[in-house]
Protein chains: 2
Amino acid sequence: MNDTIRVVLADDHFFVRDGIKSLLESEKNIVVVGEATDGLEALEVVTTTKPDLLIVDIRMPHHTGIEVVEKLRNQNNTVKIIVLSMHESEEYVLKSIKAGADGYLLKGSSKEEFLKALHAVANGGKYFTGDISSILINQLTSATSTLEPKPALAEDLTITKREKEILTLLLSGKGNKEIAEALEISKRTAEVHRFNLMKKLKVKNLMELSNKATEYSLI
Amino acid sequence: MNDTIRVVLADDHFFVRDGIKSLLESEKNIVVVGEATDGLEALEVVTTTKPDLLIVDIRMPHHTGIEVVEKLRNQNNTVKIIVLSMHESEEYVLKSIKAGADGYLLKGSSKEEFLKALHAVANGGKYFTGDISSILINQLTSATSTLEPKPALAEDLTITKREKEILTLLLSGKGNKEIAEALEISKRTAEVHRFNLMKKLKVKNLMELSNKATEYSLI
DNA sequence: ATTTAAATAAGTATTTTTACTTAATTATTT
DNA sequence: AAATAATTAAGTAAAAATACTTATTTAAAT
């Protein structure tokens, strides 16, 4: 595509850098233009050599790889960055993404995957190894993911104030008795409210109530 | 780890199925127990052969691979599913995740990646090829990303595979009887699993279970 | 001032869940 | 091969929820 990819390696272990270097040597359009053995040095070397790509280990003395990413992005440095990690750490993966890394690889990656990631990132893409996909998927499926178009508020069903109170307590894990106590009403009353709620929402048990309630964000 | 992984292949092209089969043949603990040439057949074969894993192509006559995933999940079928696709389509990737696929591979995947994904998914993990990470990252970084608050996984509590299945069904609104039917076990067994779950999580009712489970993202 | 709607509560009967215990069968690990 | 862990399932008894119905007492709207 375009000319050579200029790479900086940052890892405190010589043998790791060497391993990567020999791996990259076989590729003709990749050249390692700098190396660093800790976070501070990595920042320096990137600033002076202005590489296309920085491959940085997470665990390093003086600033972790993630901190390096953060600092570079804070100074609006658009160098592409691939973070290397020993293990599949959810915390590290998410922090790396947030910091602005373009890729995330495990040290056990195959040469093929390594090069694939390198080219993908150098070409402006992202590459996060499939090994950590569970983390990404968890993030996407949990919480307020953008996957759902819109919960679509219920139009005709009306929930009364009291029913909403009961709902809240119900979803917090309270039983009828506890709800009755909390609201200083009879247990039977709490039961009726619960019954009416379930009828209104057309559900047949607590979990469906819970699911539907959150779906329509009634709480 | 455990015994053989029983696989069903669903793809309308004979040569694709054959290619995958020959690729899987080299693995001793993987056995292809069924094949399907369209979506409907895939649903049938999965129902009858009850495999551990379904490898399904996106493009198929009568129901796409994604529709197959949706239908299976709607009937609470917990078979592991890897979706195969020709191209990196954002729409397909996101729809697959939403539908409940456990993995996503491009047809150009290497044998190594294919097997890695297969084992990861068979063991209850997720595997979405690094080639599509840009899509995942985009989703995560755009919109309301939940990158900040991390509830921190519970350290010592271990939830078994079966318990996780029960949990999922429980949270989907199923009662013990329905769970028993879905999993083809006795109602009493379902009750015991539920009891053990609640004991492990130290909760005293369904809603607390639900809340704690989502808090620690056990589902 | 009245209807209407909301909140209150009891009755009854059936079903489900809770809270254990015991124990036989697999699976998995050592 | 032995030990440990997971899955299976039955028993028992008390507690809670489900599924209603009926009915009185506030509150709010017309």
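Every chain is numbered from 1, with letters handed out A, B, ... down the list of sequences.
With contacts defined as side-chain heavy-atom distances shorter than 4.5 Å, the pair A:D38/A:D12 does not qualify.
Backbone-only contact: A:K177 has heavy atoms under 4.0 Å from sugar-phosphate atoms and none from a base.
Nearer to the 5' terminus of DNA chain D, by closest-nucleotide assignment, is the contact made by B:T160 (compared with the other of B:T160 and A:R194). Both A:N176 and B:I166 lie close to DNA chain D; mapped to their nearest nucleotides by heavy-atom distance, the more 5′-ward contact belongs to B:I166.
Atom CD of B:E208 and atom P of C:dT18 are 11 Å apart (whole Å). Put simply, CG on A:N196 is 12 Å from P on C:dT8, counting in whole angstrom units. In this entry the distance linking CG of B:L197 with P of C:dA19 reads 14 Å, nearest Å. The nearest whole Å value for the distance from the CG atom in B:L170 to the C1' atom in C:dT18 is 13 Å. Straight-line distance from the NZ atom of A:K161 to the P atom of C:dT8: 11 Å, rounded to whole Å. Atom P of nucleotide C:dT14 and atom CG of A:N205 are separated by 22 Å, given to the nearest angstrom. Following rounding to the nearest Å, A:E163 (CD) and C:dT8 (P) show an atom-to-atom distance of 11 Å. Across the protein-nucleic acid pair, A:K164 atom NZ and C:dA7 atom P stand 13 Å apart, rounded to whole Å.
Of the charged side-chain nitrogens involved, at least one lies within less than 4.0 Å of a carboxylate oxygen, so that A:E113 and B:K116 count as a salt-bridged pair. Salt-bridge formation is not detected for the pair B:R194/B:E191: no Lys NZ or Arg NE/NH1/NH2 atom is positioned less than 4.0 Å from an Asp or Glu carboxylate oxygen. Salt bridge present: A:E163 and A:K200 bring a charged side-chain N and a carboxylate O closer than 4.0 Å. Between B:E208 and B:K212 no salt bridge is recorded (no basic side-chain N to carboxylate O distance below 4.0 Å).
Between the side chains of B:T129 and B:Y104, no donor-acceptor pair is found at a separation under 3.5 Å.
Tested against B:L169 for a side-chain contact (heavy atoms from CB on, under 4.5 Å), the candidates B:K164, B:H193, B:E178, B:K174 yield a single pass: B:K174.
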Atom pairs and distances, side-chain donor-acceptor, residues 17-26 of chain A, under 3.5 Å, sequence neighbours left out:
from: A:R17; atom 1: NE; to: A:E35; atom 2: OE1; distance (Å): 2.6
from: A:R17; atom 1: NH1; to: A:D11; atom 2: O; distance (Å): 2.8
from: A:K21; atom 1: NZ; to: A:E35; atom 2: OE2; distance (Å): 2.6
from: A:S22; atom 1: OG; to: A:G19; atom 2: O; distance (Å): 3.0
from: A:S26; atom 1: OG; to: A:L23; atom 2: O; distance (Å): 3.0
from: A:S26; atom 1: OG; to: A:K111; atom 2: NZ; distance (Å): 3.2

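The environment of B:R73 atom CZ is dense: over 12 non-hydrogen atoms of other residues, nucleotides or ligands sit within 6.0 angstrom.
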*How is the base pairing of DNA chain C summarised as a dot-bracket string, given the Watson-Crick and G-U wobble criteria with both distances under 3.5 Å, [ ] for crossing and | for another strand?*
.|.|||||||||||||||||||||||||||
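Interface limits on DNA chain D: the 5'-most and 3'-most nucleotides within less than 4.0 Å of chain B heavy atoms are D:dA6 to D:dT12.
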Close N/O contacts between protein and nucleotides 9-12 of chain C (under 3.5 Å):
from: C:dA9; atom 1: OP2; to: A:S186; atom 2: N; distance (Å): 2.4
from: C:dA9; atom 1: OP2; to: A:T189; atom 2: OG1; distance (Å): 2.9
from: C:dA9; atom 1: O5'; to: A:T189; atom 2: OG1; distance (Å): 3.2
from: C:dA10; atom 1: OP2; to: A:S186; atom 2: OG; distance (Å): 3.0
from: C:dG11; atom 1: N7; to: A:R188; atom 2: NH1; distance (Å): 2.9
from: C:dG11; atom 1: N7; to: A:R188; atom 2: NH2; distance (Å): 2.9
from: C:dG11; atom 1: O6; to: A:R188; atom 2: NH2; distance (Å): 2.7
from: C:dT12; atom 1: O4; to: A:R188; atom 2: NH2; distance (Å): 2.9

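Residues meeting the salt bridge (Lys or Arg N to Asp or Glu O under 4.0 Å) test with B:R6, sequence neighbours left out: none. By the salt bridge (Lys or Arg N to Asp or Glu O under 4.0 Å) test, B:K126 is found to be paired with B:D102, residues two or more places apart in sequence or in another chain being considered.
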